[in-house]
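The structure appears right after this line, and notes come after that.
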Amino acid sequence: MNVLRDELERILPEFVYFSNTYYTQVKKEVTTVEFLEQQFILKQFFMIIKTYDFADVTNRQYLNSLVCNILEKAILMSDVTELVISTLENTIPNIDSRSLFVSEIISEIMYPMNSEEGQKEEAEKEYQLSQIRVKMNCLLEEQSEAVRQEKFIEADRLKHEIGELHSTLKKLKEAQFSPQQVKKKTDIPTIIKYLDVAAGLLLSPQITCLTPSLKTLKDNVIQELLIYDNDNVRAKALRCYALCCIVDKQCASSGIHIFSTPIFAYQIGEECDTQTLLICIGAVVDLLRIYGSQLMAAPSNEALSESMEEAHERVFAGGTSLTDLIQGLVDLMDDEQYEIQEKAAYGLCQLVLKNDAEKLTQFIGYTLNRIPSTNESASQLEEAVLMTIKAIAFAPKISPLADVNIENIAKFMIALCKTSPEGPNIHKNLASTLCFEIKGKPKNKLNLILSKILLMLDIPDDKVTIKDLQKICDQIRDDVTDRTVLNNIVKFASLLTSKYVRNISVIEETNKKEDDEVFNNLSSRNI
């Protein structure tokens, strides 16, 4: 390992030289393909920079200057911006100082100094000053000549004119050294740029609370853009605000309502930008996982009954209902867009399976227990089971759903279906759906979990249903080749047979009792 480190240090050029060589080669005007290539190279460039030793103050100062230059002047993709800002952890480890440093960069992006225009104005002022000085010298000579010739009226006039020129000269000098007036840039690319910079700063793992500079950034920059009339800007502002909420409980108390609003609006049919909705779903889930019941409103009346207090505690401070929010996430699982389905399903999985915040879990459990009793919930629950299982099973490896325990979710959803007044019918219909799913695709990798779910179902004691399911199981056994799936189908068929036999026994026993009663009644009459 030491040999590799020594070899790396030997071949790596000096930091300043390496940075200069690369950055001076960056083109200003490029095609789309060249831009993407440039972004990739820039990303690799800063990943290499992170390997350098920044114990030397010169390297630290140069990297800070380089970061400022690139963030202010270059067009960057958001992930590249975040990487560039993360390199400041090497040069400015103190989070307060780093927050202030990046905030100043954001200010420079918002209020840029136009160097070319400024130079032109300075040159114009210098020309005017030189003209006034020349004219003053000429007037002074004329005044001296008028005094020598005893033309005192003319000399007095020249003196007055010289005085006016002197005042003009003084004003021009003062204007020359006054700060240049700059206007705030409000174009969409600039706003997106400084929001990406803000997000890069807020993503720093060292941030555990909002520093004074971060509070100023939130209040003066981020908040006013939450209602901006541009989907991309609004989505990025919401993301920045969510990052603020993660480290600040007071901010989270208002944020939970802000992020819930688009979910409720979309739930009732209003249009909403997909990216905005995904950010809001992720934000509410993260805030509930971090703060839990701390965001709930405290009862204002000590005399509340226990049931009233429980209902009150299911409402966030400010009025948003946890019940409505969970229902909103459940409804989003049935959305036509896969991204929204996945985000909502993963969020609910995180909330249900979290081990801490027991009180919040109870509230969520209460809310989910209420869902099966609502109108038309039976068909929705029945459809949601297979849809959810498929979403988790076929999620890409990079998806957060890939880490979810699919069996736990299946057990939870089957138990949830059982709490419905239509529970037996839901289980019966699910059994048929799952069997036909396995029969239709006997080699599908999903069949393993589907066959396990069959064993979790509580099939009602219905003779016709049991016989139909047994018939499908017989057909499945002829097609399925996976031994584990086959064993599960055999077990399920065996359970059905036991239930069928038990059902016949009950019927026979009932019939026997009825016959005995009839016989006894006839016997008593004969007597």
Side-chain angles (χ1 to χ4, degrees), residues 1-2 4-6 8-23 26 39 41-74 76-111 193-222 236 239-252 286 290:
M1 194 68 181
N2 291 332
L4 288 173
R5 189 184 296 111
D6 293 341
L8 184 62
E9 289 179 357
R10 187 184 68 80
I11 62 174
L12 271 178
E14 289 293 328
F15 172 68
V16 175
Y17 174 78
F18 172 63
S19 302
N20 266 332
T21 303
Y22 169 74
Y23 193 61
V26 175
Q39 295 299 297
I41 295 172
L42 193 59
K43 198 170 183 178
Q44 302 304 310
F45 169 68
F46 272 92
M47 289 175 70
I48 294 171
I49 280 179
K50 282 191 167 188
T51 65
Y52 275 90
D53 180 15
F54 289 95
D56 181 17
V57 66
T58 305
N59 285 354
R60 292 200 300 272
Q61 290 175 347
Y62 190 83
L63 178 57
N64 291 345
S65 175
L66 181 66
V67 168
C68 281
N69 197 22
I70 287 179
L71 291 178
E72 290 175 17
K73 297 179 181 179
L76 305 173
M77 295 172 67
S78 57
D79 59 332
V80 179
T81 300
E82 291 167 11
L83 178 61
V84 171
I85 294 172
S86 69
T87 58
L88 293 174
E89 295 173 12
N90 297 318
T91 59
I92 315 176
N94 182 275
I95 192 60
D96 291 344
S97 302
R98 197 188 322 150
S99 300
L100 185 60
F101 182 81
V102 177
S103 296
E104 289 173 355
I105 294 175
I106 292 173
S107 181
E108 290 294 329
I109 296 171
M110 293 172 67
Y111 299 94
K193 179 183 234 183
Y194 63 68
L195 283 174
D196 281 342
V197 174
L201 172 62
L202 291 165
L203 282 167
S204 174
Q206 289 83 24
I207 295 179
T208 56
C209 64
L210 291 181
T211 63
S213 57
L214 289 177
K215 284 181 180 177
T216 303
L217 181 64
K218 174 182 75 72
D219 296 337
N220 298 342
V221 178
I222 297 170
K236 287 182 179 291
R239 182 175 180 237
C240 290
Y241 196 80
L243 291 170
C244 292
C245 291
I246 286 173
V247 295
D248 187 79
K249 182 184 170 184
Q250 185 177 355
C251 187
D286 286 343
I290 293 168

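Everything numeric in this text was worked out from a predicted model, so none of it was measured.
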Might you point out which heavy atoms bring Asn90 and Arg60 nearest each other, and give the distance in Å?
O-CD, 4.4 Å
Donor-acceptor pair, distance only, cut-off 3.5 Å: does the side chain of Ser99 make one with the backbone of Ile95?
yes
Step-by-step side chain to side chain contact (heavy atoms under 4.5 Å, CB included) determination, Lys236 to Ser78:
CA-CA 10 Å; Lys236 287 182 179 291; Ser78 57; 4.1 Å; yes
Which atom names give the shortest non-hydrogen contact between Cys244 and Leu202, and what distance separates them?
SG-CD1, 3.9 Å
pair Arg98-Thr211: side-chain heavy atoms closer than 4.5 Å
no
Nearest 0.5 angstrom please: Thr91 OG1 to Tyr62 OH, how far?
14.0 Å
Phe54 and Ile49, any side-chain heavy atoms less than 4.5 Å apart:
yes
Above 12 or not: heavy atoms from other molecules or residues under 6.0 Å from CD of Gln206?
yes
Within this structure, what is the CG-CZ distance for the pair Leu88 and Phe101, rounded to the nearest 0.5 Å?
5.5 Å
So how far is it from Leu210 CG to Ile246 CD1, rounded to the nearest 0.5 Å?
11.0 Å
Test side chain to side chain contact (heavy atoms under 4.5 Å, CB included) on Asp79 and Gln39; report intermediate values, then the result.
CA-CA 9 Å; Asp79 59 332; Gln39 295 299 297; 5.9 Å; no
Validation row: Leu201, Ile105 side chains within 4.5 angstrom (heavy atoms)
no
Roughly how far apart are Thr216 OG1 and Ile106 CD1, rounded to 0.5 Å?
11.0 Å
Kindly indicate whether the side chain of Ser213, heavy atoms from C-beta on, has any atom under 4.5 Å from the side chain of Asp96.
no
Would you mind reporting whether Ser86 and Leu83 have side-chain heavy atoms less than 4.5 Å apart?
yes
If you look at every heavy atom in Cys240 and Ile222, which pair is closest and at what distance?
CB-CD1, 3.7 Å
Can you tell if the side chain of Tyr52 reaches within under 4.5 Å of the side chain of Thr87, non-hydrogen atoms only?
no
Between Cys251 and Tyr241, is any pair of side-chain heavy atoms under 4.5 Å apart?
yes
Please examine the side chains of Met110 and Val221, heavy atoms only from C-beta on, and report whether any two atoms are closer than 4.5 Å.
yes
On a heavy-atom basis, which atom in Ala198 and which in Leu217 lie closest, and how many Å separate them?
CB-CD2, 3.9 Å
With side chain to side chain contact (heavy atoms under 4.5 Å, CB included) as the test, would you mind laying out the steps for Thr81 and Val84 before giving the verdict?
CA-CA 5 Å; Thr81 300; Val84 171; 5.8 Å; no
Which value, rounded to the nearest 0.5 Å, describes the distance between Asp248 atom CG and Leu214 atom CG?
10.0 Å
Indicate the atoms forming the closest heavy-atom contact of Lys193 with Ala74, along with that distance.
NZ-O, 3.0 Å
Search all heavy atoms of Cys209 against all heavy atoms of Ile207 and return the closest pair with its distance.
O-CG2, 3.5 Å
Chi angles and distances behind the side chain to side chain contact (heavy atoms under 4.5 Å, CB included) call for Asp196, Glu82:
CA-CA 7 Å; Asp196 281 342; Glu82 291 167 11; 5.9 Å; no
Roughly how far apart are Ile109 CD1 and Tyr194 OH, rounded to 0.5 Å?
9.5 Å
